[in-house]
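My structure is below; once you've seen it, I'll send some questions.
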Amino acid sequence: MSTNGAANVSTAGDEGTSRPEIDLRTLTIAQFFVGGFVLFVAAVIVGTGMIASGAGGNEYDGAMSLIGIVFSGVLVAAPSMVLAMVIGLPIRLVPALRSRWLANGAITVAGAVVGFIALIGITAALAVSPGEGGASAAAVLWGLLAIAWGVFALSVAHFVWPVQWLRGRVKASPYET
């Protein structure tokens with residue numbers, strides 16, 4: 001048993017790599033606050049984009065819009081982070097899933113990048129499409145925005161730096177470059 005409560009089971013991705021053992025509670029708390037801040041920043045960026053483009057329904061009216069963007073960023077980021085953590089509990093608590101999650105960190109990087117790019121793209125599409133295609137096109141875009149936000153939130157909440165990208169990695173094979 002390791003110090004974080006997971007069994008010392010090596011997976012194919014673990015061979016020849018070194019990852020320091022981190023307590024599960026410490027990792028979860030750190031990811032909750034750091035991930036929550038990242039979600040807050042993303043919500044502020046998307047909110048600013050919507051207000052600047054008029055997709056949010058209201059035009060920019062000065063300081064109240066800035067206060068509203070910050071306030072809405074908190075109102076979106078906090079519940080999103082809690083929901084993403086709850087949905088991801090099996091990844092953290094089941095040892096077999098945990099070892100797979102830690103061995104395949106590139107998936108969380110890809111999810112965060114793709115989710116953020118989709119958020120920006122859909123926000124831009126919302127700015128262009130309010131008058132085109134009627135209410136059904138806007139409803140589809142808002143649905144896609146929610147899906148992109150979910151992918152981004154889950155990836156940020158359970159972000160793991162890929163083992164292959166860590167410095168000081170021991171090569172598994174002398175033929176590996």
Identify whether Phe152 and Ile120 are in the same connected component of the hydrophobic contact network (ILVMFWY, side-chain heavy atoms under 4.5 Å). yes
Give every donor-acceptor pair under 3.5 Å between a side-chain atom in residues 28-36 and any protein atom, sequence neighbours left out.
unit_1, atom_1, unit_2, atom_2, d
Thr28, OG1, Leu24, O, 2.8
Thr28, OG1, Arg92, NH1, 3.3
Gln31, OE1, Arg92, NH1, 3.1
Gln31, OE1, Arg92, NH2, 2.4
Gln31, NE2, Phe159, O, 2.3

In this structure, OG1 of Thr123 is separated from CG of Leu141 (nearest 0.5 Å) by 9.5 Å
Does Val156 form a side-chain contact (heavy atoms from CB on, under 4.5 Å) with Phe116? I'd like the steps, not just the answer. CA-CA 10 Å; Val156 167; Phe116 187 73; over 6 Å; no
Compare every heavy atom of Ala112 with every heavy atom of Ser155, then report the nearest pair and how far apart it is. CB-N, 3.3 Å
Taking all non-hydrogen atoms of both residues into account, name the closest pair between Ile122 and Ala148 and its distance. CD1-CB, 4.1 Å
Would you say Phe71 ends up clustered with Val46 if hydrophobic residues are merged whenever their side chains have heavy atoms under 4.5 Å apart, either directly or through other cluster members? no
According to the side chain to side chain donor-acceptor pair (under 3.5 Å) rule, which pairs have a member within residues 101-110, sequence neighbours left out? none
Are side-chain heavy atoms of Val76 and Phe40 found at a separation under 4.5 Å? no
For residues Leu39 and Val44: do they belong to one hydrophobic cluster (side chain heavy atoms under 4.5 Å, members Ile, Leu, Val, Met, Phe, Trp, Tyr)? yes
Under 4.5 Å side-chain linkage, directly or through intermediates, the cluster mates of Leu97: Val94
Between Ile107 and Val38, is there a shared hydrophobic cluster once you connect ILVMFWY residues whose side-chain heavy atoms come closer than 4.5 Å? no
What are the two closest non-hydrogen atoms of Ser80 and Trp149, and how far apart are they? OG-NE1, 2.8 Å
Is there a chain of hydrophobic side chains (I, L, V, M, F, W, Y, each step under 4.5 Å between heavy atoms) that links Val114 to Ile147? no
